[in-house]
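Residue numbers begin at 1 in each chain, while the letters A, B, ... track the order of the sequences.
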Amino acid sequence: MRNADIAMILKEVADLLEIKGETAFKVRAYRKAVTSIEHLGIEVASLRSEGKLREIPGVGEAIAEKITEILDTGELQYHQRLRAEFPHGILVLMDVPGIGPKTAYRLCTELGISNLEQLEAALLDGRVSGLFRMGEKTAANILRHIQAARSREKRVPIGIALPLAEEIMDHLRRCFDLPDLTPAGSLRRFRDTVRDIDLMCTSDRAKEVIETFCSLPMVEAVIARGSTKGSILAHSGLQVDLRIVEPGSFGSLLQHFTGSREHNTTMRERAQRLGLKLSEYGITDVSAGVLERFTGEESFYRRTGLPWIPPELREGGLEILAAEQGRLPILLEEGDLRGDLHVHTSWSDGRDNIEAMALAARDMGYEYLAITDHSRGRGIARGLDAERLREQVDEVRAIDARLPGIRLLTGIELDIRADGSLDLPDEVLAGLDVVIASVHSSMNQDMDKMTARVLKAIEHPYVDIVAHPTCRILGERDPVAMDVESVLRAAARTGTALEINAMPDRLDLKDAHIYRARQLGVRLVLSTDAHCGQHVGLVRYGVRTARRGWCQAADIVNTRPLEEVVLKTGMLGASKREVATRHNE
DNA sequence: GCCGTTTTCGGCCCGACTGTTTTCAGTCG
């Protein structure tokens, strides 16, 4: 039973309790537990076996018992009983925007509706608008939402959303002086996917800015065009909101719209205990009844007794406690990185040659770059066999010798075959600086097989790094079935590094896994997996993802100068032994 | 149902918008 399954059962319990009219606080308690479980970097099952279920934020005695029942039996009696009270399918109604628990309950009890088809029919023939306190407009809105939801994409990978946001911001900056124009929302927090784009700025020409925004070339349709807020649908299907606010309240507004909801809720609960009321307009001292306004976020947080919290951490988990205790991490920054340990060239499926990749890395200010093309198993990617690899190593060394300003490392990205074996012999690997192994095939293996397969690679004496460990492609391919906790523990024990793959459609490991990896002391490498020179610059996506996993520079192997980079084997492994020898002398 | 500078009871974030109503319920972020 995986975390997502447990979370789904508890979410349905919350929805059903809400429909039933249970106390809002009870419903909220379940929702809070669901959010915690969804952001957990460790399997609930393994927490349970350690007797640590209650350590999940929002999980108390009652919910811990329910989780235990779910883990033991695969289901929850309480959940089954609640479901039996309502027509099958009622939960689908609540997923329609504009339909909350009250409306869902009435649609189901008064009209006997239990699916979207019945709902649509009732909307069209006037039964819905005939209900008490419902009208034509309400019915039309719900109908519009149903039809929109059918055609609309769900969440969009950040690698698509961020470039669009930046393009829009560039356009606006060319027309107006907008020094504080910035994304807010999940885009600013750098979640791996976003539902929409929120932009914010201050300006004394708000109306003109909004007019320009609504007539940009990427606009498909204008949804709203007001004096302080514009809302458009871009060609790509993404909704983009632009909000223009008073400079005096920019800090509290930016804080409010950056979220997450859980972060804001926790901030406000805490402030309430201090006699303060937080809102997007500022902070009110309840006893004095005076509203203080804030131009920046730093002063806003300071007024609540906290240091500024980086947006990437604002998920409402542990960041507020850490801020209170002065334990916020000094997060990794792009400038901390000194090299990239995973790129491809035209020797396999890359677009650029070795020298072009080296120059791209040098332009990034890097000190070193590992050339790690695919091995022979990747026939389709022109993977290297032992002979071509030897030729490539010669070329890498030749270019390294004549190219100043960057050190080139030899390497390979091996296939981990379905049985966990590698597709080049050990004696070939022994001469390389960097040996990466990764899964590229047979991705639908069951969890036991896949876990054993990856563990075998981690245990292999010549494997330095396991790349993109869960193999997900955002919006295209789910992560493989794998016991991530076991993989992390094995990586920590053996010293095999795991990769934070910076390609924006991978971001793998993901934030929660990175957080857990740090807890366990796993070595982490942050690489791009670039297939052309331009892609080396995509490293920032990986950096922001690492920050969401609370990474500091010291957590990432390739923030170290080359002579201190310690990988498991190869030349770098040799340097590890040399360092150890020198140390002993 | 959770949780503690209010610690085993009694609280639990804040405001905007919409549509349906003449003061507010429901929904959303």
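- Nucleic acid contact class of A:Lys66 (heavy atoms, under 4.0 Å, all strands): sugar-phosphate only.
- In this structure, A:Tyr281 reaches the sugar-phosphate backbone alone: every heavy-atom distance under 4.0 Å involves primed, P, OP1 or OP2 atoms, never a base.
- Scanning all heavy atoms of the two residues, the minimum distance from A:Pro247 to A:Thr295 falls at O-CG2, 3.6 Å.
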Would you sort out whether A:Arg261 and A:Asn264 count as a side-chain hydrogen bond (donor to acceptor under 3.5 Å, both in side chains), showing the intermediate values? CA-CA 5 Å; A:Arg261 190 187 308 203; A:Asn264 286 354; over 6 Å; no
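- The shortest heavy-atom contact between A:Ala29 and A:Ile63 is O-CD1, 4.1 Å.
- Counting any heavy atom pair closer than 4.0 Å across all strands shown, A:Lys277 reaches sugar-phosphate atoms only and no base atom.
- Within the cation-pi definition used here (under 6.0 Å to the ring centroid, within 45° of the axis), A:Arg243 qualifies as a partner of A:Phe257.
- Comparing A:Ala62 and A:Gly135, the nucleotide of DNA chain B nearest to each residue sits closer to the 5' end for A:Ala62.
- Taking atom C1' on both nucleotides, B:dC12 is separated from B:dT6 by 12 Å, rounded to a whole Å.
- At least one cation-pi condition fails for A:Lys20 and A:Tyr105: the charged atom is not both under 6.0 angstrom from the six-membered ring centre and inside a 45 degree cone around its axis.
- Note that the first and last nucleotides of DNA chain B, 5' to 3', having any atom under 4.0 angstrom from a heavy atom of chain A are B:dG1 to B:dG29.
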Could you walk me through whether A:Arg31 and A:Glu18 pass the salt bridge (Lys or Arg N to Asp or Glu O under 4.0 Å) check? CA-CA 11 Å; A:Arg31 293 207 195 290; A:Glu18 197 172 17; 2.4 Å; yes
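- Between B:dT22 and B:dC17, the two P atoms lie 22 Å apart (nearest whole Å).
- Residues A:Leu332 and A:Ala546 share a closest heavy-atom pair of CD2-CB, 3.8 Å.
- Separation of the C1' atoms belonging to B:dC14 and B:dT20 is 23 Å when rounded to the nearest angstrom.
- Within the 4.0 angstrom heavy-atom criterion, no nucleotide atom of any strand lies near A:Leu274.
- Spacing between B:dC13 and B:dT18 at atom P, rounded to whole Å, works out to 25 Å.
- A side chain to side chain contact (heavy atoms under 4.5 Å, CB included) with A:Arg127 holds for exactly one of A:Leu107, A:Leu111, A:Leu119; it is A:Leu111.
- Note on ring orientation: taking the six-membered ring where Trp is involved, the planes of A:His263 and A:Tyr301 are tilted (angle from 30° to 60°).
- When each of A:Gly100 and A:Asn141 is assigned the nucleotide of DNA chain B with its nearest heavy atom, A:Asn141 is the one assigned upstream, toward the 5' end.
- Among the heavy atoms of the strands lying under 4.0 Å from A:Val59 are primed sugar atoms or P, OP1, OP2 only; no base atom is included.
- For the P atoms, the distance from B:dT8 to B:dC3 is 16 Å, rounded to whole Å.
- Pair check for B:dC28 finds B:dG15; Watson-Crick or G-U wobble, both atom distances under 3.5 Å.
- Between the C1' atoms of B:dT5 and B:dG1, the separation comes to 23 Å (whole Å).
- Of all heavy-atom pairs between A:Val240 and A:Leu199, the closest is CG1-CD1, 4.1 Å.
- The stretch residues 261-270 of chain A touches DNA chain B through A:Arg261, A:Thr265, A:Arg268, A:Glu269, each having a heavy atom within less than 4.0 Å of the strand.
- Distance noted for atom P between B:dG26 and B:dT21: 13 Å (whole Å).
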